[in-house]
Amino acid sequence: MPPEQFQKQLLAWFDIHGRKDLPWQQNISPYRVWLSEIMLQQTQVVSVIAYFNRFVTRFPTVQALAEAGLDEVLQHWAGLGYYARARNLHKTAQLIAGNNGEFPQTVEELSALPGIGRSTAGAILSIACGQSQSILDGNVKRVLTRFHGVRGWPGETKVATRLWRISSEYTPQKRCGDYTQAMMDLGATLCTRSKPRCTSCPVIDGCEAYKLNLTSQLPEPKPRKTLPVKQVFFLVLQDRQHRLLLERRPPAGIWGGLWSLPEFADRQQLRDWCLQQDYQLSEPTELPVHRHGFSHYQLEYIPILATLQNPINYVMEANSAVWYKPSDIHSLGLPAPVKRLLQHNYLEDHDDKND
DNA sequence: AAGTCGGGGAT
DNA sequence: ATCCCAGACTT
């Protein structure tokens with residue numbers, strides 16, 4: 001889609017559906033836009049509104065902010081988090097006050113100030129000064145990765161560079177402030193991270209992610225370096241006929257509905273469960289830890305081997321458990337690591353001639 | 001390129 | 001519970 005058409009459709013949508021009643025959208029000035037942009041870094045709109053109003057009531061101008069003490073500035077920031085933002089805000093206010101209260105009018109000079117990066121500088125210049133400058137915040141990243149079907153994590157330098165280029169290609173020469181606001185509104189209200197409302201989107205006809213049904217896959221999340229490790233204990237319990245105890249897993253979650261070994265978060269829960277089931281065990285043997293990799297985590301499991309010493313109380317098992325001959329487990333469709341564990345320990349035909 | 005800062009909302 | 005949010009800065 002040509003940039004002119006994208007801008008036209010986006011701005012037409014913004015005129016009807018865009019947010020125009022936020023506190024920092026009234027009495028627009030470089031100071032108020034700057035303050036709002038800093039407060040909105042990594043912070044959601046609903047959380048900022050009250051802080052912004054209290055802040056501009058106490059510090060109506062950049063001069064007032066510069067003349068205040070840092071401790072009072074921090075007091076008005078308390079609860080917003082990322083307190084380096086408040087310290088940088090105060091420092092930058094003093095720099096600007098020393099410049100006769102005038103904000104720099106270039107991206108280079110603005111982003112040289114403490115706490116102002118490239119995107120914040122672009123937002124200030126486009127919204128407060130009417131300059132044709134692009135931004136790339138979380139909303140615009142999400143909108144553009146989807147619209148252009150950009151693969152890869154946006155935090156990666158290569159991907160971010162490409163997104164900056166796309167962002168600048170779509171930035172108009174006219175209505176620059178409205179365009180910047182519109183892109184953020186689109187990302188915040190329609191092109192949301194989960195369950196985007198694509199049918200209401202003004203640029204759906206050019207969206208690559210919508211066309212390829214990839215909206216739920218984009219933008220790609222930060223790649224996990226080391227997968228989280230989840231540790232569990234598997235009880236490998238045999239009765240005196242050498243049958244193995246299997247349990248049906250809950251219908252949802254990993255291995256949903258499959259038969260598997262009873263699983264516990266730790267040794268104590270295993271003991272408690274045996275007590276509750278009226279299982280009297282032999283002295284348990286712990287096998288070395290095994291690992292099984294899933295796409296989203298690593299399962300570390302420790303098999304605990306034991307033999308049942310008392311007769312089975314079938315009433316308590318209530319059909320959620322079953323005792324299976326080791327030679328028959330292959331017909332059961334067990335989870336792969338469980339099957340491997342049982343085969344390795346009970347189905348090796350090395351010395352079970354007399355059984 | 002990766003780590004840090006932070007309270008709060010969404011899921 | 002985890003992930004993410006109108007990011008910027010340091011290591």
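Naming: A, B, ... by sequence-line order, numbering from 1 per chain.
- What separates CD1 of A:I135 from C1' of C:dG7 is a distance of 12 Å, to the nearest Å.
- Annotation: A:H290 is not in aromatic contact with A:F234 [ring centroid separation under 6.0 Å not met].
- A donor-acceptor contact under 3.5 angstrom links the side chains of A:N139 and A:R142, judged on distance only.
- At whole-Å resolution of the value, CG in A:L110 and P in C:dG7 are 17 Å apart.
- Residues from residues 150-167 of chain A placing a heavy atom under 4.0 Å of any atom in DNA chain C do not occur.
- A donor-acceptor contact closer than 3.5 angstrom is absent between the side chains of A:E247 and A:S260.
- Side chains of A:Q268 and A:D272: a donor on one and an acceptor on the other come within 3.5 Å.
- Straight-line distance between the P atoms of B:dG6 and C:dT11: roughly 15 Å, to the nearest whole Å.
- Connectivity analysis of hydrophobic side chains (ILVMFWY, heavy atoms under 4.5 Å, direct or indirect) links A:L212 to A:L214, A:L218.
- No side-chain donor-acceptor contact under 3.5 Å links A:R197 and A:T189.
- Atom P of nucleotide C:dA8 and atom CE of A:M39 are separated by 16 Å, given to the nearest angstrom.
- The CG atom of A:L40 sits 12 Å away from the P atom of C:dA8 (whole-angstrom rounding).
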- Per-nucleotide protein contact string for nucleotides 4-11 of chain B, where B marks a base within reach and S marks sugar-phosphate only (heavy atoms under 4.0 Å, - for neither): -BBBBS-S
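- The shortest non-hydrogen separation linking A:C274 to A:L235 is SG-CD2, 4.0 Å.
- In this structure, A:D137 and A:L113 both approach DNA chain C, and ranking their closest nucleotides by distance from the 5' end singles out A:D137.
- The residue A:W77 sits apart from the nucleic acid: no heavy atom pair falls under 4.0 Å.
- One side chain, A:Q5 or A:Q9, offers a donor N or O that lies under 3.5 Å from an acceptor on the other.
- Looking at heavy-atom distances under 4.0 Å, A:T120 makes contact with sugar-phosphate atoms alone, never a base.
- For the pair A:R142 CZ and C:dC5 C1', the interatomic distance rounds to 9 Å; values are reported in whole Å.
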Name the atoms and distances for all side-chain donor-acceptor pairs under 3.5 Å in residues 46-57 of chain A, with sequence neighbours left out.
{"from": "A:Y51", "atom 1": "OH", "to": "A:A78", "atom 2": "O", "distance (Å)": "3.1"}
{"from": "A:N53", "atom 1": "ND2", "to": "A:I49", "atom 2": "O", "distance (Å)": "3.4"}
{"from": "A:T57", "atom 1": "OG1", "to": "A:N53", "atom 2": "O", "distance (Å)": "2.8"}

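- If you take atom P in C:dA6 and the same atom in B:dG3, they sit 23 Å apart, rounded to whole Å.
- C:dA1 atom P lies 14 Å from atom NZ of A:K230, rounded to whole Å.
- Computed from coordinates, the A:W24 CH2 to C:dA6 C1' distance equals 9 Å when rounded to whole Å.
- Interface residues of residues 6-22 of chain A facing DNA chain C, ordered by number: A:R19, A:L22; criterion, heavy-atom separation under 4.0 Å.
- How far OH of A:Y279 is from CG of A:L275: 12.5 Å, rounded to the nearest 0.5 Å.
- Between A:I304 and A:P284, the shortest heavy-atom contact is CG2-CB, 3.6 Å.
- Counting Ile, Leu, Val, Met, Phe, Trp and Tyr side chains that sit under 4.5 Å apart, directly or through other members, A:Y210 shares a hydrophobic cluster with A:I204.
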